[in-house]
Amino acid sequence: MKPIRSFASDNNAVVHPEVLEAIRHANEGHAVGYGDDPHTESAVGKFREQFGADVEVFFVFNGTAANTLSLQALTRPFHAVLCPELSHIYTDECGAPERFTGCKLVPLPAPAGKLTVEAVAEAYHGIGDQHHVQPRVISITQATEMGTVYKSAEIEELARFAHEREMFLHMDGARISNAVAAERLTLRQATRDLGVDVLSFGGTKNGLMGAEAVVFFRPNLAQDFLFVRKQGMQLASKMRYMSAQMEALLTNDLWRRNAEHANRMAQLLEQAIRKIPGIKIVYPVQANGVFAQIPREAIEKIQEQYFFYVWSEAESVVRWMCSFDTTEEDVREFAKFVEKVVGAVPN
């Protein structure tokens, strides 16, 4: 039998006990539906403590919705969204952003997952030409799909480019907590203060049962979002259970504690894997993911015991993710097994 805990995804982790307790606490008595309840009010208040008193916050069920509806709020169908070529909105959301926004996603080269102003500038053309889609949004992921983390100056530069051209900067923050913990910043310092306009705030990958948030740092952009969310089928009737999760995550720095632990386990895994001959770490380990190039013959044998994803079949690169409930023993046992399998592969 495969180990209960794997290194496939932080989505596979359990729900944090403090979050479960928050849900249990919310499960008492009746509460008005659709967000008009004390738990939602309190959760929104927690976001405003972190990001500023004027932010607008909306809870949705999943990250695809958070990203798609964020972009829908910023665009019209003749607009374009500039994004990294391996961004989640481009490769892993089944075309949902393009279907619901009507916009064209323009994938751009992004070494190690990070979009640069140079790449964006090259794609910024056709302005005012009725034959061309009009660039309207730059979308970045923090932490990136490769587990790397944008530095503050890199985000500021992208925001400046966007705002000088009346564009917006959207951040897919499915793992924003891991990035913020890695950079030792506050949530606000890593987002709003750098010029981000809209944030998809991730919770599910950091200990929640199933809740994400769309955070508008410019309240005027959220003017019609109540209707956008409803049409997007993301308005929860019993919202108190989503809100209670977010409230717990933003209480007593649970978001940071979870992320720091996951990041630390990834660093521990990297250290152990680097010692194994025949394995190469292909991206800097800056958040909670480890990307390694391993002998092709070893992948299937390791997967017989541990479930994980192959990132690039052509290059024989795999992705190993750590979560808030990954233990040092998990890491040691996994690294020991990988070393055994790789060592048995003929050179």
Side-chain angles (χ1 to χ4, degrees), residues 4-20 22-23 43 47 50 59-68 70 84 86-89 91-93 96 113 139-150 170-183 187 190-191 199-215 234 241-251 253-267 269 283 285-291 307-309 311 319-327 330-331:
I4 295 175
R5 282 192 287 266
S6 70
F7 292 83
S9 174
D10 33 16
N11 282 324
N12 296 0
V14 300
V15 178
H16 194 281
E18 292 180 36
V19 175
L20 283 177
I23 295 172
F47 273 89
Q50 293 286 344
F59 301 130
V60 296
F61 293 110
N62 55 53
T64 296
N67 287 333
T68 298
S70 295
L86 293 178
S87 63
H88 203 273
I89 62 171
T91 64
D92 286 293
E93 290 178 352
S139 181
I140 61 175
T141 309
Q142 179 75 322
T144 75
E145 284 77 6
M146 283 80 159
T148 55
V149 174
Y150 285 91
H170 164 258
M171 178 180 285
D172 176 351
R175 296 185 176 93
I176 184 62
S177 297
N178 300 93
V180 174
E183 290 295 287
L187 287 168
T191 56
L199 168 69
S200 299
F201 179 87
T204 309
K205 289 178 170 64
N206 198 30
L208 301 196
M209 181 179 291
E212 312 283 307
V214 177
V215 186
Q234 290 292 313
Y241 298 103
M242 299 174 71
S243 303
Q245 296 177 59
M246 284 295 185
E247 184 181 8
L249 190 65
L250 295 180
T251 298
D253 274 348
L254 179 60
W255 66 271
R256 187 184 292 275
R257 286 185 278 131
N258 284 353
E260 286 178 341
H261 179 82
N263 291 358
R264 188 164 58 251
M265 292 301 99
Q267 295 287 341
L269 178 58
Y283 301 120
V285 178
Q286 297 172 340
N288 63 319
V290 177
F291 291 73
F307 175 57
F308 58 86
Y309 295 103
W311 181 254
R319 187 191 77 165
W320 294 324
M321 300 298 299
C322 296
S323 59
F324 80 89
D325 68 344
T326 302
T327 68
D330 292 335
V331 172

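Worth knowing before you read on, the calculation uses all heavy atoms, side chains too, and leaves out hydrogens, waters and symmetry mates.
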As an exercise, state the distance from [atom1] of [X] to [atom2] of [Y], rounded to the nearest 0.5 Å.
X: R319; Y: Y309; atom1: CZ; atom2: OH; result: 7.5 Å
X: E260; Y: S177; atom1: CD; atom2: OG; result: 10.5 Å
X: L269; Y: C322; atom1: CG; atom2: SG; result: 5.0 Å
X: D92; Y: S87; atom1: CG; atom2: OG; result: 9.0 Å
X: Q50; Y: L249; atom1: CD; atom2: CG; result: 9.5 Å
X: S9; Y: W320; atom1: OG; atom2: CH2; result: 15.5 Å

Side chain to side chain, [X] and [Y], heavy atoms closer than 4.5 Å:
X: W255; Y: V180; value: yes
X: D10; Y: F324; value: no
X: L254; Y: V19; value: yes
X: L250; Y: L187; value: yes

Treating [X] as the side-chain partner and [Y] as the backbone partner, does any N or O pair qualify as donor plus acceptor under 3.5 Å?
X: Q245; Y: M209; result: yes
X: Q267; Y: V285; result: yes
X: N62; Y: A65; result: yes
X: D172; Y: A174; result: yes
X: Q142; Y: M171; result: no
X: T251; Y: E247; result: yes

How close do [X] and [Y] get, heavy atom to heavy atom, and via which atoms?
X: L86; Y: M146; value: CD1-CE, 3.2 Å
X: V15; Y: G207; value: CG1-O, 3.5 Å
X: T64; Y: A96; value: CG2-CB, 3.9 Å
X: M246; Y: A211; value: CE-O, 3.4 Å
X: Q234; Y: V60; value: OE1-CB, 3.5 Å
X: V149; Y: A182; value: CG2-CB, 4.4 Å

Do we see a donor-acceptor contact under 3.5 Å between the side chains of [X] and [Y]?
X: T144; Y: T148; result: yes
X: N67; Y: E93; result: yes
X: N178; Y: N206; result: no
X: D330; Y: T327; result: yes
X: S200; Y: E212; result: no
X: T141; Y: H88; result: no

Suppose we screen for ring-ring contact (aromatic ring centres under 6.0 Å, His included). Which residues come up paired with Y150, at least two apart in sequence or across chains? none
If you take the centroid of each ring, where Trp contributes its six-membered ring, are [Y] and [X] closer together than 6.0 Å?
X: Y283; Y: F291; result: yes
X: F201; Y: F47; result: yes
X: F61; Y: F59; result: no

Just do the side chain to side chain donor-acceptor pair (under 3.5 Å) check on D325 and S323 with the steps written out, would you? CA-CA 5 Å; D325 68 344; S323 59; 2.5 Å; yes
Evaluate E145 against R175 for salt bridge (Lys or Arg N to Asp or Glu O under 4.0 Å), listing each step before the verdict. CA-CA 9 Å; E145 284 77 6; R175 296 185 176 93; over 6 Å; no
